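First up is the structure itself, then whatever we jot down about it.
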Amino acid sequence: MMIGVGQRSAPRTWRNWSRTATAHAQQFWRPRDVADVVRAVRFAARTGTRLRVVGGGHSFTPLVATDGVLLSLDHLADVQRVEPTPDGGARVTVGAGMRLRTLNAELARRGLAMENLGDIDHQSVAGAVSTGTHGTGARFGGLATQVLGVRVVTADGEVREADADHDRELWEAARLGLGAVGVLVAVTLRAVPAFDLRAREHVVGLADVLDGLEGPDGWIERTDHLDVYWFPFTRRALVKANERVPASGRSTLAPARRWVEDELVANGLFAVTNRLSAAAPRAVPAVNSVAARLLADREYRAPSTEVFVSPRRVRFREMEYAVPREALAHVVTEVDTWLRRSGEPVPFPVEIRVTAPDDVWLSTAHGRATAYVAVHQYHRMEHARYFAAVEAIAREVDGRPHWGKMHGLGAERLAALYPRFEDFRAVRARADPDGLFTNAETERVLGPVR
Ligand SMILES: Cc1cc2nc3c(=O)[nH]c(=O)nc-3n(C[C@H](O)[C@H](O)[C@H](O)COP(=O)(O)OP(=O)(O)OC[C@H]3O[C@@H](n4cnc5c(N)ncnc54)[C@H](O)[C@@H]3O)c2cc1C
C-alpha cells in the first residue's frame, strides 16, 4: 500500500549494528516530509498497527524492533533554521533524521559545533537524544541537555512544538523519550562557537588513575573531557585528557599518522587480537597485555569533532552503567576483581567517562554527578556472564543502565532509580494512550502505557 510520495511499503527485515536485535516489519517507510509522517501515524492508528522509528540502528537493545510499521526519517535531515545567540553560538533546528556526521559538518561550515559528543557520529539526532547518548566531561551534559525544542507527531497525528516555555512536559519527555511519546520530526539544538581540542593521551597505571580521579587536582576536575580505557587483566590504562582551546580549523596530527594510529592499530590490529581471542580464549590475558603495551602517549590538537569521534570498525556488544561519581573507583575495582577471579576472557577495554548532573527526566545523569563504566565484548564471544556480573556490581550503587545499551533491568527497578519516572509515564500516556509507539522493549523498560 502506498501512503505517500517517496514511501515504500514492503515487509523488511531489519538488524541493528551490533546484530543483537532483529525485526520483521510489516511495512517499512521513508517519509519525505512531516505530512508523510502524519499519514503514517494515522494509518497505523487506524489499522491498529504499532509503529517504531529507526535512526542509525546503533542501539544495542531491541528498542527499534517492531512487526508493525517501521519508519526511517533519513529524508528528514535538513538544516531548517539557525538563530545566532549572544554567546556566538546558535539555536539550530534540523530534521530529526539527520545523522550526527552531517550535523557536525553543517555546524562546522557555520563556525559552530556541538558542545559535547559521544565517540561515534553514525547516529541520527533523534536516535541519539532519545536514548541519552552522552560524551564525557564533568562540566558537560549528555546530548539531551542540548535539546532546546522538539517538533513531535503524537499518536493522534497532531504535530506539536514543545520547548521549555510551550508544552513543557512534552518537551521534558520527548527530549529523551525512547521513541515512546511520539515521532520526533525536528529538533532544535544549542550549538556553541567552534573550538579545538588539545588531546593529551597518557599511559598510566590503573591504580594511579583510580587514586587520582577525585579532588581539585584530580583527573576529573582538571580535565575538560576525560576518557579512560583499561584492558582487563592488565595494569595499564590509556587516559585521554582533552582540553578545550580556541578554534584553529586544522589538525596537528598528520593524516598518515592518524591512519596508522586510529585505523591500523585501533581497528585493524584490534580486529586481529579479537579474532585471536575468540579462537583461543585462554590467550586473552596475554593478548591484552600485548595490546596494552601498544598503547602510547601522544599529543595533538584538532577541531573538536575530529577528537571526540573515532572510527569503530570492530563489532561488539556493550553494556554501560551510570553510577554516582563517588562510586566510580569502587565499581572499577570490583569489575577488576571479578574478571581476575573468574578469568572471563574479555579482549575489549573497559571505558570510563563522566558527565555533569542534569535535570532531564530520564537522563542517566539525572540529579547526580555521574561516572559511566562501559563494558564491551567482541561480538563473536560470550557476553552474558560478564555483563550480568557487572550489572550486579552496578546495582549495589544504584547504577542506571544506558537506555540504548544492553542490560537486564525492568520498569519496576528503573522506576525506583528515576525520581521523574512516573511524570514521564503520565506524559507518555497522554501522548500515546493506546500504545501505538510501544514494542516489547518499551514494555520491559517503561511498563505498559496504562
Ligand atoms: C559503535 C557505537 C558507539 C557508541 N558510542 C556511544 C557513545 O559514545 N555514547 C553514548 O551514550 N552512546 C553511544 N552509543 C549508543 C548510541 O549512541 C545510542 O544507542 C543511540 O540511540 C543510537 O542512535 P541511532 O540513531 O542509531 O538510534 P536507533 O538505535 O536507531 O534508535 C534509538 C531509539 O531512538 C528512537 N528514535 C529514533 N529516531 C526517532 C525519531 N525520529 N523519533 C522518535 N524516536 C526515534 C528509536 O525508536 C529507538 O527507541 C554507541 C553505539 C555504538 C554501536
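Keep in mind that the numbers below use all heavy atoms, side chains included, and drop hydrogens, waters and symmetry copies. Here the structure is a predicted model, which means the values were calculated and not measured.
Panel note: side chain N16, backbone S59; a donor-acceptor pair is recorded below 3.5 Å. When atom types are taken as modelled, the side chain of R52 and the backbone of G179 share a donor-acceptor pair closer than 3.5 angstrom. A distance-only check finds a donor-acceptor pair linking the side chain of Q377 to the backbone of P345 [under 3.5 Å]. A donor-acceptor pair is defined here as one N or O able to donate and one able to accept, closer than 3.5 Å; such a pair exists between the side chain of T136 and the backbone of V354. When atom types are taken as modelled, the side chain of R444 and the backbone of L409 share a donor-acceptor pair closer than 3.5 angstrom. Remark: the backbone N or O of F348 is not paired with any side-chain donor or acceptor of N274 at under 3.5 angstrom. Under the 3.5 Å distance criterion, the side-chain polar atoms of H75 are left unmatched by any main-chain donor or acceptor of P31. Of the possible donor and acceptor atoms, none in the side chain of S130 sits under 3.5 Å from a partner among the backbone N and O of L178. No donor-acceptor distance shorter than 3.5 angstrom exists from the side chain of D432 to the backbone of R428, with no hydrogens or angles considered. Within the 3.5 Å criterion, the main-chain N or O of F421 finds no donor-acceptor partner in the side chain of R425.
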Verdict with supporting geometry, V92 and L112, side chain to side chain contact (heavy atoms under 4.5 Å, CB included): CA-CA 10 Å; V92 180; L112 298 167; 4.2 Å; yes

Pair R325-L213, side chain to side chain contact (heavy atoms under 4.5 Å, CB included): steps then yes or no: CA-CA 10 Å; R325 215 175 92 178; L213 286 170; over 6 Å; no

L76 vs V37, test: side chain to side chain contact (heavy atoms under 4.5 Å, CB included). Steps then yes/no. CA-CA 10 Å; L76 275 73; V37 175; 4.2 Å; yes

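Judged as a salt bridge (Lys or Arg N to Asp or Glu O under 4.0 Å), the pairs with a partner in residues 400-410 (not counting sequence neighbours) are, in order, E318-K405, E320-K405. Sorted by first and then second residue, the pairs that involve residues 125-147 and meet salt bridge (Lys or Arg N to Asp or Glu O under 4.0 Å), not counting sequence neighbours, are R139-D224. Counting only residues at least two apart or on different chains, no ring pair (Phe, Tyr, Trp, His ring centres under 6.0 Å) pair has a member in residues 142-167. Pairs of residues two or more places apart, or lying in two chains, that qualify as salt bridge (Lys or Arg N to Asp or Glu O under 4.0 Å) and include a residue from residues 117-126 are R101-D121, D119-R312, D119-R353. The ring pair (Phe, Tyr, Trp, His ring centres under 6.0 Å) contacts involving residues 400-420 comprise H134-H402, W403-Y418, where partners must be two or more places apart or lie in separate chains.
A salt bridge links R99 with D74; the closest basic N to acidic carboxylate O contact falls under 4.0 Å. A salt bridge links E169 to R430: at least one charged side-chain nitrogen sits closer than 4.0 Å to a carboxylate oxygen. Ion pair E391/R395 not flagged as a salt bridge, since none of the NZ, NE, NH1 or NH2 atoms sits closer than 4.0 Å to an Asp/Glu carboxylate oxygen.
For D165, the side-chain hydrogen bond (donor to acceptor under 3.5 Å, both in side chains) criterion is met by no residue, not counting sequence neighbours. Applying the side-chain hydrogen bond (donor to acceptor under 3.5 Å, both in side chains) criterion to R380, with sequence neighbours excluded, gives Y378. Listed by chain and residue number, nothing satisfies the ring-ring contact (aromatic ring centres under 6.0 Å, His included) test with F231 (two or more places apart in sequence, or in another chain). Legend: residues meeting salt bridge (Lys or Arg N to Asp or Glu O under 4.0 Å) with D359, ordered by chain and number and at least two apart, are R175. Taking the ring-ring contact (aromatic ring centres under 6.0 Å, His included) definition, one finds that F387 meets it with H383, sequence neighbours left out. With sequence neighbours left out, E83 forms a side-chain hydrogen bond (donor to acceptor under 3.5 Å, both in side chains) with no residue at all. In this structure, the side-chain hydrogen bond (donor to acceptor under 3.5 Å, both in side chains) partners of D196, at least two apart in sequence or on a different chain, are S248, R301.
Between the side chains of S363 and D358, at least one donor N or O sits under 3.5 Å from an acceptor N or O. Of the N and O atoms on the side chains of T438 and R50, at least one donor lies less than 3.5 Å from an acceptor on the other residue.
Counted within 6.0 Å of CG on D87, heavy atoms from surrounding residues, nucleotides or ligands total more than 12; the atom is thus considered enclosed. Residue R315 places its CZ atom among more than 12 non-hydrogen atoms of other residues, nucleotides or ligands, all under 6.0 Å distant. Within a 6.0 Å radius of CZ in R15, no more than 12 heavy atoms belonging to other residues, nucleotides or ligands are found.
Under the 4.5 Å side-chain criterion, counting only non-hydrogen atoms from C-beta, D398 is in contact with R368. Counting heavy atoms from C-beta on, the side chains of E214 and I220 come closer than 4.5 Å. For the pair Y386/L339, a side-chain contact is recorded, criterion being any heavy-atom separation below 4.5 Å from C-beta on. Between D336 and R235 there is a side-chain heavy-atom pair separated by less than 4.5 Å. Two residues are said to be in side-chain contact when any heavy atoms from C-beta on lie closer than 4.5 Å; Y372 and T355 meet this criterion. Between V346 and V375 there is no side-chain heavy-atom pair separated by less than 4.5 Å. The side-chain heavy atoms of V152 and L170, taken from C-beta on, include a pair separated by under 4.5 Å.
Scanning both residues, G343 and F233, for their nearest heavy atoms gives C-CZ, 4.1 Å. Between S124 and A96, the shortest heavy-atom contact is CB-O, 4.0 Å. The nearest pair of heavy atoms linking A415 to E422 is CB-OE2, 4.4 Å. Shortest non-hydrogen contact noted between A199 and V307 is CB-CG1, 4.0 Å. The heavy-atom pair separating A173 from V181 by the smallest distance is CB-CG1, 4.1 Å. Taking every heavy atom of both residues into account, R236 and L295 meet most closely at NH2-O, 3.7 Å.
Between the OG atom of S342 and the CZ atom of R385 there is a distance of 8.0 Å, given to the nearest 0.5 Å. Atom CG of D163 and atom CG of L148 lie 8.5 Å apart (nearest 0.5 Å). Between the OG1 atom of T133 and the CD1 atom of I120 there is a distance of 8.0 Å, given to the nearest 0.5 Å.
Both tests hold for R222 against W219: distance to the six-membered ring centre under 6.0 Å, angle to the ring axis within 45°.
Aromatic ring pairs are classed by plane angle as parallel below 30°, tilted from 30° to 60° and perpendicular above 60°; the pair W17 and F316 is perpendicular.
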